[in-house]
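In what follows, chains carry the letters A, B, and so on, assigned in the order in which the sequence lines appear, proteins first and then strands, with residues in each chain numbered from 1.
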There are 2 protein chains.
Amino acid sequence: MPSPSVHDVAARSGVSVSTVSRALRGVPGISAATRKRVQEAAVELGYTASPTASRLATGRTRTVAVIVPELAKWFFAEVIAAAGRVLAEHGYDVLLVELSTAELRRAFFTGPGLRGRADGAIVVALQLGADEFEALEGQGQSVVLVGSERQGAGSVSVDDRAGGRAAVRHLVNLGHERIAFLGIRHEPRSTLGGVPPAQRLLGYRDALAEAGLPEDPRWVLTAENSVDGGAGAVAGLLAEQGLPTAIAAASDELAFGALRTLRGAGLRVPEDVSVVGYDNHGLAGAVDLTTMDHDVSGQGRAAAHALLAVLGAAPVAGPRVISPRLVVRGSTAPPVDRAGSTLPP
Amino acid sequence: MPSPSVHDVAARSGVSVSTVSRALRGVPGISAATRKRVQEAAVELGYTASPTASRLATGRTRTVAVIVPELAKWFFAEVIAAAGRVLAEHGYDVLLVELSTAELRRAFFTGPGLRGRADGAIVVALQLGADEFEALEGQGQSVVLVGSERQGAGSVSVDDRAGGRAAVRHLVNLGHERIAFLGIRHEPRSTLGGVPPAQRLLGYRDALAEAGLPEDPRWVLTAENSVDGGAGAVAGLLAEQGLPTAIAAASDELAFGALRTLRGAGLRVPEDVSVVGYDNHGLAGAVDLTTMDHDVSGQGRAAAHALLAVLGAAPVAGPRVISPRLVVRGSTAPPVDRAGSTLPP
DNA sequence: CTGAAAGCGCTTACAG
DNA sequence: CTGAAAGCGCTTACAG
């Protein structure tokens, strides 16, 4: 059953196709009576304009691409879901682009990429080189960044430095003085890492400095952002001389790995070691992890709104910066001294 | 900078646009010399055919929609990622459709939906009503199902009954006789639930029956498929008379919730209660959960291949059924009797 | 093997 | 307010 076309609607309502087009898209300058007649004919025929034909005629695809380094990670899925809902509400399709390998990444930016497929892109976490950013613009895309920044590009801003500081302040306030930082390793030009992890480390330093605590380089770790990465780094920590009483991780996945290693080694959390994560991952509650919530879905929504504003499909909103907030669960507690008594806070 | 068109390439290579089109798409019946010349002109100009124009001319979008009830859950993200990679390899775009509410669902199936936007759809976990399935076909889509089945539609098959049986056999083999089942509640016509959960329950019964163990209705629980759902259901279990020595959960999320409640209540896993999950969730290892792996990314890949085959974009593969396999970790062990000694296996 | 022309189904100046 | 016509950029019978 070939779907009805403008011509069918025109015939049925006794007007020209131009009038049908105008009536159905709600453009002004058409009599109410005519519009009504056309609309009725359209519903009777079950007509909807071919998106492909509209795209060709207008040059706009009403599609937004969401580009992520990896889809099957909680953070990215959450951002995509949140952005996708906003985009869908505004009548935009979402095209998924996963650039998980260097090959895919190069092919995407040097080839046709998004040209003719989308009007804009939300780039999550990827640290774009100048050439890549320009390639994207060359492909006709408006771009909004999440987790990175660039002159002349929209981005959602999160105060990760304050977030890192808050996490460590929480530990300091509990009385911890020996605090390790478990950071995200920044593979050069790779998918992950980048601005937020670096900011979180700065926040860690801020909190130590304001508490007058020295920074011990052995306790500033870095690992691939995964459970195994966190587990491995903490295993290394256990092999050092002396242990911290608390660990601040730059992501919940790293924290999950830390918990696994600590418990596997027979250490109790939080009695022997406190752990604070960063993300408020969907499963943080399941393992009772104290963590920083940085409103991940809010980031997705903000990115979508920002892009829609650039595309003229939504009003521009004032700049808003997301302030991470502490979510206290059971993985943090005051340190216990060797004798077993709790130190004064 | 307006992108070059067929006409530009034609002018530059001194042939007609028809020839350019043929040369570039690799259709036969064109001289090698001409083809070469055209290809060179194309790369010199940086030409790629407008996808929109091709779509309009051919009627094929080279796009596949992936429809999920909820994106930000590990299972769905994993299926999408795996399917998406295969689709991308074959030159298909992936359009993301999240039908997370009854409203969105109704609007999607009664409105234009995918008409003109995709050639086919992979429907994950949604239990489609007959009307919905027909609507999808009416929208011009070829469809492949994951997690449900239907006459005349492709689907990826997983032997969930055998999977459920294997999980419970594992517990039986360890010596457990008091085994609870924590199932996924099937909201009518809703997003989740459906065939696989029911099969897993049948597998549980198979294993009990073959071991000669009675089924205790108090120990067949059902909950929303989430950490909180699992936690709540197990809390209810703790308020019953007598406790099982093991719990087989129909998903890892449920199992995570079970672990939380058990540990929160001061019960040790696996010493007091063994727990086996189902999924081999990306974080199952982080909490040392024994579980059933059902090759979730394999399901995504299989769905993509099946759909590509229907679309004529890939060879049809013989039917393959995925057999879940047990992944043993630390959440299961032989039951310990009241006296503290391990029962003989 | 190659080209001229029609057609895919819309949208949008341009006239009236 | 409405219509005829051109155009968006391809593909594909149909001729030759």
Side-chain angles (χ1 to χ4, degrees), chain A residues 1-39 41-42 45-63 91 93 112 115-117 119 139-140 312, chain B residues 1-39 41-42 45-63 91 93 112 115-117 119 139-140 312:
Chain A
M1 69 224 110
S3 22
S5 79
V6 254
H7 294 97
D8 300 313
V9 180
R12 184 168 185 109
S13 46
V15 298
S16 71
V17 296
S18 346
T19 300
V20 170
S21 177
R22 293 188 195 106
L24 262 25
R25 277 172 313 123
V27 303
I30 207 167
S31 83
T34 307
R35 168 161 292 148
K36 180 140 177 285
R37 196 145 39 89
V38 173
Q39 286 172 334
L45 294 172
Y47 169 81
T48 23
S50 151
T52 302
S54 311
R55 288 169 190 185
L56 184 58
T58 63
R60 308 182 68 259
T61 62
R62 288 201 142 260
T63 297
D93 283 347
R115 156 137 288 159
R117 297 170 194 280
D119 302 331
Q139 291 170 12
Chain B
M1 66 222 110
S3 22
S5 80
V6 254
H7 294 97
D8 300 314
V9 181
R12 185 169 185 106
S13 46
V15 297
S16 71
V17 296
S18 346
T19 299
V20 170
S21 177
R22 293 189 193 104
L24 261 25
R25 276 171 315 123
V27 302
I30 206 164
S31 84
T34 307
R35 167 159 293 147
K36 180 139 178 286
R37 195 143 41 89
V38 172
Q39 287 171 334
L45 295 172
Y47 170 81
T48 23
S50 151
T52 303
S54 310
R55 288 168 188 184
L56 184 58
T58 62
R60 309 182 68 258
T61 63
R62 290 200 141 262
T63 296
D93 283 346
R115 155 137 291 158
R117 298 170 195 279
D119 302 331
Q139 291 171 12

Exercise. Is there a donor-acceptor pair closer than 3.5 Å between any side-chain N or O of A:Arg35 and the backbone N or O of A:Val27?
Worked result: yes
Exercise. Taking atom P of C:dC10 as reference, at what distance in whole Å does atom CG of A:Asp8 sit?
Worked result: 9 Å
For this session: Check for a donor-acceptor pair, side chain of A:Thr52 on one end and backbone N or O of B:Thr52 on the other, with a separation under 3.5 Å.
Result: no
Exercise. What integer distance in Å separates A:Leu24:CG from C:dT12:P?
Worked result: 14 Å
Problem set entry | DNA chain C contacts among residues 25-34 of chain A, heavy-atom distance under 4.0 Å | A:Arg25
Seminar exercise, completed: Closest heavy-atom pair, B:Ala23 versus B:Ile30, reported as atoms and distance to 0.1 Å, is N-CD1, 3.7 Å
Seminar exercise, completed: Looking only at heavy atoms, the pair that brings B:Asp119 and B:Gly59 closest together is OD1-O, 4.5 Å
Exercise. Which residue pairs pass the salt bridge (Lys or Arg N to Asp or Glu O under 4.0 Å) test when at least one of the two sits in residues 16-30 of chain A, sequence neighbours left out?
Worked result: none
For this session: Using the test side chain to side chain contact (heavy atoms under 4.5 Å, CB included), find all partners of A:Val15 that sit at least two apart in sequence or belong to another chain.
Result: A:Ser13, A:Thr19, A:Val20, A:Thr34, A:Arg37, A:Val38
Exercise. For the residue pair B:Arg55 and B:Thr63, what are the closest heavy atoms and their distance?
Worked result: NH2-OG1, 3.5 Å
Problem set entry | side chain to side chain contact (heavy atoms under 4.5 Å, CB included) partners of A:Gln139, counting only residues at least two apart | A:Phe108, A:Leu114, A:Arg115, A:Leu136, A:Gln141
Problem set entry | Letter per nucleotide, 5' to 3', of nucleotides 4-9 of chain C [B base touched, S only sugar-phosphate touched, - untouched; heavy atoms, 4.0 Å] | BB-BBB
Problem set entry | Exercise: identify the closest heavy-atom pair between B:Pro51 and A:Gly116 | CG-O, 3.7 Å
Problem set entry | Rounded interatomic separation in angstrom, taking CZ from B:Arg37 and C1' from C:dT2 | 11 Å
Exercise. For the pair made of CZ in A:Arg117 and C1' in D:dC10, what is the distance, rounded to whole Å?
Worked result: 14 Å
Exercise. According to the Watson-Crick and G-U wobble definition with distances under 3.5 Å, which dot-bracket string, read 5' to 3', encodes DNA chain C, using [ ] for crossing pairs and | for pairs with another strand?
Worked result: |||.||||||||.|||
Exercise. Which atom pair, heavy atoms only, marks the closest approach of A:Arg117 to B:Asp93?
Worked result: NH1-OD2, 2.8 Å
